[in-house]
Amino acid sequence: MADDITDIYKKWQEKWTKDKIFEPAPDNRKKFFCNFPYPYINAYQHIGHLFTLMRVEAFARYKRLKGFNVLFPQGWHATGSPIVQAAKRVKDREPKQMKIMTDMGFTDKDISKFEDPLYWIEFFAPEFRSDYQSIGMSVDWRREFHTTSINPHYDKFIRWQFGKLHEKGYVIKGKLPVVWDPKENMPVGDHDRIKGEGETPQEMMLVKHKLNDGKYLVSATLRPDTILGITNLYVHPKFDYQEIEIDKERWIIGEYGVKRLVEQDRELKVISTVNGADLIGQKTEEYDGHSVLVLPATFLDPKVGTGLVHSVPSDSADDLIALWDLQKDEAHMKKYGLDIEEVRAIKPIAILDTPGFGQIAAETILKKYNVKTQNERGKLDQIRKELYKASHYTATFNEKYKDRFGIDLHGKKVEDGKDIIKRELVKSGWADSFFQLTGEIVSRSLTECIVKIVSDQWFIDYGNPEWKRDAHKCLDKMKMFPEKARQQFDYVIDWLHEWACTREAGLGTLLPWDEKWLIESLSDSTIYMAYYTISHIIKEIPIGQVDDALFDYIFMKKDVEVKCDKTLADQMRKEFGYWYPVDFRNSGKDLIQNHLSFFIFNHTAIFPEDKWPVGIGVNGWVMVDGQKMSKSLGNMIPVRKVVKEFGPDACRLTILNGGEGMDDPNWETSMVSSLPQKFSQLLSFVKEQYGKGRDEESSIDGWFESVLNRCIRDATKCMEDTMFRSAIKLIFFDLGRMTKQYINRSDGMPNKDIMEKAIEAQLVMLSPFAPHICEEAWESIGKKSYISLAKWPEYDEQKIDDSAEAVQDLVQTVRSDIRAVLSLAKIERPDKITLFIPSSWKYGFVELIKEKMKETRNPGDIIKTVMATDMKKQGQTVMKTIPKLVNDPSKIPAVVLDQEREICALMDAKQSLEKEFLSILNIIKEEESNEQKAKQAMPGKPAILLS
RNA sequence: GCGGGGGUGGCAGAGUGGUCAAAUGCGCAAGGUUGAGGGCCUUGUCCCUUAGUGGGUACGCGUGUUCAAAUCACGUCCCCCGCACCA
């Protein structure tokens, strides 16, 4: 036996490894295949990973105890760009990255090695593995692997997968707007930006306005649906616009607009430059045929859109206030030679009904905020947001939209009609579109980013309706942990559409039929769990012999020629056939909308129905002592740190005790730090108590057997539902407390068999959470085999007896009160004890007390009871209480059960012993067991009389 | 805005029509216990009142359904997660 608790961990980890107890092979038992998404290995893991991981680990160990043949493998993910980019940043000695490296504890000499992306994998994969091992994960390490082309076997597998998807027509080609660094000629992800995190490309509609000479003024808008409300255009008198030839048309558009069109691969030719001032006063023809005036405006930003806008004063507060300002400013109008009356005649055109804002929403809201001029930018910015929300999501089209767009939109919501209008405008040639960034983005190369349209991008077509149907079918049959995650999946499956599955840079696998592309990281990790079933075998096969045929042979049961050893191929086919499908895959709730849904989709696409996944677990995000864990708060806790400080079992128990379901679990420092000591106590308790006690039976045993069986029953239910926190409470805390109570209640002489059963049950049930300690305790009570391979305890429903538990608790309470009184009165062995109790207790209570007291060696020899006054208002409560407590009320001394509350009253008396009870005792003593007097002193209240 | 999950005592967190002033844990208070440690065991902990007791207010807010609501319905406010090409 290990001397120190810290030695225990290593001892058992080594034994497990030596005896290969977590390296399963197919046999005739039922199997259970669970896994945890392979982590991305660009830094040491923190306790956030640990929670998700531990849910799988605890479940795996539980299922093993339940007699399943359990497979729990683990691999590592390196696909994608973060490692490559981090390596590059290390090479550039970028300060932020250097801090990350030194924070992880690397010296300057170490750091230079990280300039090579492959070194990251080489370094971190073993580090992750050693962290996993140090915390006692029951993983089959033979099957470990990492992703990307540097693992050629896995690479082949991913190529095979994509070949399959391609074959079935689930991979399609299309266009994609991406954020682009024009200097580096690379796409720019969110984390590669100095400025503009979260900004994305946004499609803007280009609306054409026909001038008399047939040329078009082109404005940009996010609200093409309000086109019927256009009253005028605004151009900036000081800007130069460009006239371009595009698609055989002539457009007049700002220079930034031209630039964008060029960047986005539009063919065009610049013809000439047009001064804004020259456009003012001209008229244009609109989509619906009406004619509007071009007006001057100075609020325009040349960088936004096309540098000129159309004005919809009915529903844009900015447009309306600008119009009002201009209408008031005669000098300004004159300056540009405008007809004052004509300008003043411009009125907003009602087009939408906005609940709460009426027909001319812009006017309503300007009045509400009391905006007087267009210079009140703060208010106007706020208004824009508020009005956009209301207008876009709640407004409906008015009668003008009745048959304008080929379909009656009158009364329809803007939200629903917007796309229809957009399509119609494009179709009729009155609108076009381009992309614009939602905000300025500056890349790490200090270049301002642009939108680039990638035209030969590959997509996985999650929008395919038949595929969606299969995904739903799979979901419907799956078990969810917890069940309430299901609704989110349902929504996501419907909502997913084409997913860009290839990248130009990073680590990974090349797209088999178009090798300029790399398969993106979320797409190469959807069915790889199948690879776990064979990874330990396939790695022995020369890479030249691994081809699509082999995978078809293994996974599709196709009887094709394989290049490799047939025995090995058959063995892999057997492994896959045995272990698949995935029984439980667990992950954070943020992965529902991508990875976990892809997991479902891809399985239904590639595998036959009996291999579709059957269980998914989802959990929340780890908090640290009530606070969100984040880099900025500096409370990211590395796994290795806490494991070293508190030992693996304390960490395992603490993290799972933090929470369950979809709630965010909370890591409590106070809990983890108190556990090592509790473990020591548990160890010595088990050693001390096991195998001791009496052989004969006693009635107190029934109580404890009831407690024990109930605990096993409830804990089993919790484990089945991965409600690990509740399980820990029952197994570790409640059962531990009750076992000690049993020893007390049997005066240190518990029944030997029952005690042994209880100790064994507790250890086995606790072992998924604290396996090292439990193995040690198991060994200390003389068990020869591993507790990790023991049998989960059975429970006997017959032995669970609510009434027995209630009665026992009551009796024990009375007994301890008597003791307290005796000790207070400093009497060791009274001749007589008199209990004064409410008369409503009489049904069987007295006999019961007598009997129990005898058994438990009560300090008095004689117990006499006296009925005190009737208790009022008992009946009603009692009648309600009984049915809940027992199924057969006739079986038990009914009223007694209800008296727990009254016993509590007695306990109260004990609480205020010094103040109150002493005086009562005095009364009783003085009166020399004058029962009458005692009754008067405390009518209805139980009292204890000694003599 | 959309989809999902929530709002309960000092905190965390049960409870989904009556047994609810509300499990359990932490915190806090009192007492006990062990001459070892932030250990263990009792008891108390919404407000007022009592010898026992009784009464009041409460489960985001409002309204309703019901003999009865933390629990059901409607409305409303607030918080968290996601809304993608990022692993």
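Sequence lines set the chain letters: A, B, ... in the order given, protein chains first and strands last, and positions in each chain run from 1.
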Of the candidates B:C83, B:G4, B:C2, the side chain of A:Y491 sits closest to B:C2
I'd like the P distance from B:G82 over to B:A29, given in whole Å. 40 Å
Across all chains, not counting sequence neighbours, the side chain to side chain donor-acceptor pair (under 3.5 Å) partners of A:Y40 are none
Assign A:W621 to base, sugar-phosphate, or nothing according to its heavy-atom contacts below 4.0 angstrom with the strands shown.
-> nothing
Taken to the nearest whole Å, CD/A:Q488 to C1'/B:G3 is 6 Å
Here the distance between atom C1' of B:G27 and atom CE of A:M671, to the nearest Å, is 17 Å
Closest of B:A87, B:U24, B:C83 to the A:K729 side chain is B:U24
Checking N1-N3 plus N6-O4 or O6-N4 for Watson-Crick, or N1-O2 and O6-N3 for wobble, each under 3.5 Å, the partner of B:G31 is B:C41
* **P gap between B:G6 and B:U66, integer Å** => 28 Å
Protein-proximity profile, nucleotides 35-41 of chain B, B/S/- by nucleotide at the 4.0 Å heavy-atom cutoff, equals --B-SSS
For A:D663, the side chain to side chain contact (heavy atoms under 4.5 Å, CB included) test, sequence neighbours excluded, returns none
Could you go step by step and tell me if A:F128 and A:Y44 meet the ring-ring contact (aromatic ring centres under 6.0 Å, His included) rule? CA-CA 7 Å; A:F128 266 67; A:Y44 293 120; 7.9 Å; no
Next item on the list: Give A:T79 one of three labels, base, sugar-phosphate or nothing, depending on what nucleic acid heavy atoms sit under 4.0 Å from its own.
Entry: sugar-phosphate
The Watson-Crick or G-U wobble partner of B:G62, with both key distances under 3.5 Å, is B:C74
Within residues 590-602 of chain A, those residues having any heavy atom closer than 4.0 Å to RNA chain B are A:Q593, A:N594
Each nucleotide N or O in nucleotides 8-15 of chain B that has a protein N or O under 3.5 Å away: list the pair and distance.
residue : atom : partner : partner atom : Å
B:G13   : O3'  : A:R725  : NH2          : 3.4

Please give the distance between the C1' atoms of B:G62 and B:C77 as a whole number of Å. 10 Å
By nearest-heavy-atom nucleotide on RNA chain B, the more 5' of A:L496 and A:M662 is A:M662
Those residues at least two apart in sequence (or on a different chain) that pass side chain to side chain contact (heavy atoms under 4.5 Å, CB included) with A:T502 are A:Q457, A:W458, A:L511, A:W517
